[in-house]
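Ligands are counted one by one from 1 in listed order, and the atoms in each one are counted from 1 as well. Every heavy atom of this structure was used, including side-chain atoms; hydrogens, water molecules and symmetry mates were not. This is a predicted model, so every value here is computed, not measured.
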Amino acid sequence: MLVAGGWCFLPAAGCGGPAAATAPVPRATGGAASPGPAVNSTEPPMTEYTLPPLPYAYGALEPFLSARALELHHSKHHAAYVTGANAALEALVKARATGDHGLVEHWSRKLAFHVSGHFLHSLFWESMAPRGKTAAPSPAFVAAAKASFGDLEAMKLQFAAAGRSVEGNGWAVLGFDLSRSSLLVLQLENHQKQTTFPFIPLLACDVWEHAYYLDYQNRRADFVAGFWEVVAWGALSARYARAVEMSRVG
Ligand code: MN
């Protein structure tokens, strides 16, 4: 289930470790802690997006990413998407009340951008782990990579190529194509463009300039290549297993 408050849509796998204990739970607005706008009782309860804590210290991914770069990325950039998502959510409720469809469309676009940014950043943090704690890919994941790409190295090459060549801002994302029960690499623009459905993101690498410029300047290819040093293969394999389980259930 996709939970608005954080990266928990594959709870048994994606939220393991320290982040799970502190994973934010969406809370209804309208209570004492958050007055919020009045919501028609026929609508689902409003939830608020919150910034999840990193599952490791800011300096834990050095030398791949400096503590300063990671702190700025998480506490400023990711936080801004959370703020933007909540602002868009509130504005959308008000826009609906006006009956102005143009306004609803405007805030729907804003919401899609900010929520997707929030979601992908949450996955990005979970996609990485400090050296020595990345674990190994499961045999099932390796087999899936072989079936979908030829082998694991071919998957890594395709993912890295996607990250290197995004025009402007975007992401390289590996995910599970529910319709074909196979792995797929996507190249997203901004956060939400060129999305494919039905697709469960399992691994994300942020290639917006703010993700790497402080440490790598214009050398995006070096940043993307270095990403593999910190990929949390164990967590990725667990998310893959959950996605397969979901495909069987659903
Ligand atoms: Mn980012």
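The aromatic rings of F124 and H73 are tilted relative to each other, their planes meeting at an angle between 30° and 60°. Ring geometry, H191 versus W208: the interplanar angle falls under 30°, so the pair is classed parallel (tilted spans 30 to 60°).
Seen from the Mn ion (ligand 1), atom NE2 of H210 and atom NE2 of H73 lie 100° apart in angle, a value rounded to 10°.
Looking at H121 and the Mn ion (ligand 1) together, the shortest N, O or S contact belongs to NE2. If you look at D206 and ask which of its N, O or S atoms sits nearest the Mn ion (ligand 1), the answer is OD2.
Looking at R248 and E245, no side-chain N of the basic residue comes within less than 4.0 Å of a carboxylate O on the acidic one, giving no salt bridge.
Residue-environment remark: NZ (K156) exceeds the threshold of 12 foreign heavy atoms within 6.0 Å.
Contact annotation: H77 places no N, O or S atom under 2.8 Å from the Mn ion (ligand 1).
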